[in-house]
Amino acid sequence: MDATKKPLRIPPDFTTYAERHNIFDLYKRLVERVIINKPDDPLDFLIEELKKDNDDVPGIIIHGPPGSGKRTIAKMVCDKLRSAHVTPQNLLEDDVSPIVARAKEYVARNAEIPTELWVELIQNRLKLFDAVKKGWVLEGFPQTREQARALQTIGVHPKHFVLLDCPDTVLIERQMGKRIDPVAGNVYHTTFDWPSNPDIASRLIEPSDNSEDAMVNRLVVYHRHVDGILECYRKVHKRINADQPKADVFAQAWSFLNSQTRTAAPHTPRIVLLGPTGSGKKTQAALLATKYHITSVSTGQLVKEAIVNESKIGEAIKPYVERDMMIPDNLIMSLLDDRLSQIDCVGRGWVLRGFPTTREQAENLTTAGYEPNRVFFLDVPNDSVIERLTLRSSDPVTGERYHELYNPPRTQEIKDRCEQSQKDSEEEVKKRLATYQAYSEEIAEFYENSQHINADQDPHTVFESVESMLVEPLPKRYSGGDQ
């Protein structure tokens, strides 16, 4: 088909549907699981995997040196997510499993449990209903690089690895005051976290290996292996300072757990830039289009082109432009539908500025299938906008633009002949600001995942903020146990 005769158009629903349902990520995960599990019948295996519907559950490892607060943070995370809490200790509590019986034989002989046996125990635990349906939090394991690699071999890889870091001197002090509730398994401290319930306080016991020498030996072993473990999880780990109140440690951990790692799945940018007049939308759109080779789309430019080309829509729009009237939404949507469905926009992505200006327009855009995956509000104070616009002028001879503060005319002759556009008068600027502010809040409500950026700074600094939010996945925002 010759695109010069009739522009190629692709239904916008294709990419929107694929991203909404994570089709590319789903395909990648299924292929990985087939390769890892090597089933005799791959098709039946894939059907069973699709039935599980558990790709979105948490998979978390809470790690750190002894005394860093792994148990406390892991329990807080599990309470929040209602996920399965897995520890080396509770893996050995099953009285009927023959695998557990084999592991206990090693414990009885005071020998180390082999890595293969640990991996089998964890694999069986993560197949249980609670871990499959609600996800899992693995505490204090793996303890060596060999164990980490063995977990990866069977396909157990966390989405988030939290490392609680703390100075050894603090850890030793903590360990000396550590007390354990033998009934609930909760950990307390004689100084920092003593239970308010007198019944709990009366039954607390001191750990058997609570001497300073034992603690130092455990720290030496931990430091020997931790770098190798982190190497296995370098793309999903975050180091958090555990030498602070547990509420602060949990807040930082929770923020990290709500983040998502960058995926290798294809991603077509569909960006909407919103902001008051003079906020720099045109500049940011140009920077995005240049760096990422996406199409910059402006409703103002589309209107001008339609009128110049004397198209049917252009002829319908022309009277409104000549009378300085608001162009009806259906005509603007026709222009956008025609432009955004062309192959360059669908294939490479687009950045739209100047639209939508009302919630109704935002709803129409989504209904038409052009649902943005990033919406940025460029926030600039009114005073800064007025300063930016009312002090600018242009040279009618050369067409060059100047600003009295940031780019003044180089000679008095140029300054004398510079002219200010009528739309840059203070009165007109305030009118446009009032119009934007009347609808911006309802547009932000419609686009729940929109991001606000301080645009009252250097354009390249603003672009760095926009870019960081564009290339990284949006936060997952777990909500108290509901996935």
Side-chain angles (χ1 to χ4, degrees), residues 58-83 85-89 135-143 158-181 184-197 200-201 204 206-207 209-210 212 214-227 229-230 233-261 468 472 475-481:
I60 302 165
I61 291 180
I62 307 290
H63 209 282
S68 59
K70 299 185 294 295
R71 177 65 51 85
T72 301
I73 299 301
K75 279 183 170 291
M76 293 173 75
V77 170
C78 288
D79 290 343
K80 190 84 170 175
L81 297 175
R82 299 177 189 169
S83 298
H85 185 195
V86 183
T87 70
Q89 292 76 25
W136 48 269
V137 177
L138 179 57
E139 175 204 325
F141 195 92
Q143 297 168 352
K159 296 177 182 177
H160 299 89
F161 184 101
V162 177
L163 181 72
L164 303 178
D165 199 15
C166 197
D168 287 356
T169 52
V170 175
L171 294 172
I172 293 171
E173 180 186 353
R174 283 185 181 182
Q175 187 66 20
M176 296 303 100
K178 183 177 178 180
R179 299 294 183 269
I180 297 175
D181 180 357
N186 294 327
V187 178
Y188 296 93
H189 194 277
T190 54
T191 304
F192 307 119
D193 188 22
W194 191 252
S196 56
N197 188 324
I200 296 176
L204 295 183
E206 186 175 351
D209 56 347
N210 212 31
E212 185 172 338
M215 181 63 175
V216 170
N217 290 335
R218 289 164 64 194
L219 286 172
V220 169
V221 173
Y222 167 80
H223 289 303
R224 183 187 306 148
H225 294 289
V226 67
D227 290 336
I229 296 172
L230 289 180
Y233 302 111
R234 62 183 181 276
K235 293 185 178 180
V236 296
H237 93 272
K238 181 177 178 63
R239 191 186 296 263
I240 294 175
N241 177 21
D243 187 17
Q244 53 183 328
K246 65 180 180 182
D248 295 337
V249 176
F250 175 73
Q252 292 178 38
W254 185 249
S255 175
F256 172 60
L257 297 179
N258 278 279
S259 68
Q260 298 190 75
T261 54
S468 67
E472 296 291 342
K476 187 171 182 60
R477 295 177 184 172
Y478 287 118
S479 58

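Below, all heavy atoms of this structure are taken into account, side chains as well, without hydrogens, waters or symmetry copies. Because the structure is a prediction, the values reported are computed rather than measured.
- By the 4.5 Å heavy-atom criterion applied to side chains, S83 and I60 are not counted as neighbours.
- Counting all heavy atoms, side chain and backbone alike, F161 lies closest to F256 at O-CE2, 3.7 Å.
- For the pair L204/W194, a side-chain contact is recorded, criterion being any heavy-atom separation below 4.5 Å from C-beta on.
- Contact check for I73 versus S68: no side-chain heavy atoms found under the 4.5 Å cut-off.
- Rounding to the nearest 0.5 angstrom, the gap separating the CE atom in M76 from the CG atom in L81 is 12.0 Å.
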Can you list the steps and then say if Y188 with T72 is a side chain to side chain contact (heavy atoms under 4.5 Å, CB included)?
CA-CA 9 Å; Y188 296 93; T72 301; over 6 Å; no
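- By the 4.5 Å heavy-atom criterion applied to side chains, P66 and M215 are counted as neighbours.
- Taking both residues in full, the closest heavy atoms of W254 and N258 are given as O-ND2, 2.7 Å, listed atom of the first, atom of the second, then distance.
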Stepwise, does the side chain to side chain contact (heavy atoms under 4.5 Å, CB included) test hold for I172 with L219?
CA-CA 9 Å; I172 293 171; L219 286 172; 4.0 Å; yes
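- Side-chain N or O atoms of H160 include none that pairs as donor or acceptor with a backbone N or O of A253 at under 3.5 Å.
- Under the 4.5 Å side-chain criterion, counting only non-hydrogen atoms from C-beta, D165 is not in contact with N241.
- Taking a 6.0 Å sphere around NZ of K75, one finds it holds more than 12 heavy atoms contributed by other residues, nucleotides or ligands.
- For Y222, there are no ring pair (Phe, Tyr, Trp, His ring centres under 6.0 Å) partners, not counting sequence neighbours.
- Partner of E139 under the side chain to side chain donor-acceptor pair (under 3.5 Å) criterion, chosen from H85, Q89, K70: H85.
- Among all heavy-atom pairs drawn from I61 and P142, the shortest one is CD1-CD, 4.0 Å.
- Every residue two or more places apart in sequence or in another chain that forms a side-chain contact (heavy atoms from CB on, under 4.5 Å) with D248 is listed here: Q244, P245.
- Remark: I229 CD1 to Q143 CD distance equals 7.5 Å, nearest 0.5 Å.
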I'd like to know whether V77 forms a side chain to side chain contact (heavy atoms under 4.5 Å, CB included) with V162, so could you lay out the CA-CA distance, the side-chain angles of the two residues, the decisive distance to 0.1 Å, and finally the verdict.
CA-CA 11 Å; V77 170; V162 177; over 6 Å; no
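- Atom OG1 of residue T169 and atom CG of residue L171 lie 7.5 Å apart, to the nearest 0.5 angstrom.
- Considering every non-hydrogen atom in both P158 and V236, the closest pair reads O-CG2, 3.9 Å.
- Shown here are the side-chain contact (heavy atoms from CB on, under 4.5 Å) partners of V170, two or more places apart in sequence or in another chain: C166, P167, R174, D243.
- Contact check for R239 versus L230: side-chain heavy atoms found under the 4.5 Å cut-off.
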Could you go through the side chain to side chain contact (heavy atoms under 4.5 Å, CB included) check for I240 and F250 one step at a time?
CA-CA 9 Å; I240 294 175; F250 175 73; over 6 Å; no
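- No side-chain heavy atom of L163 sits less than 4.5 Å from a side-chain heavy atom of Y233.
- You'll find the side chain of P195 stays beyond 4.5 Å of the side chain of R179, heavy atoms only.
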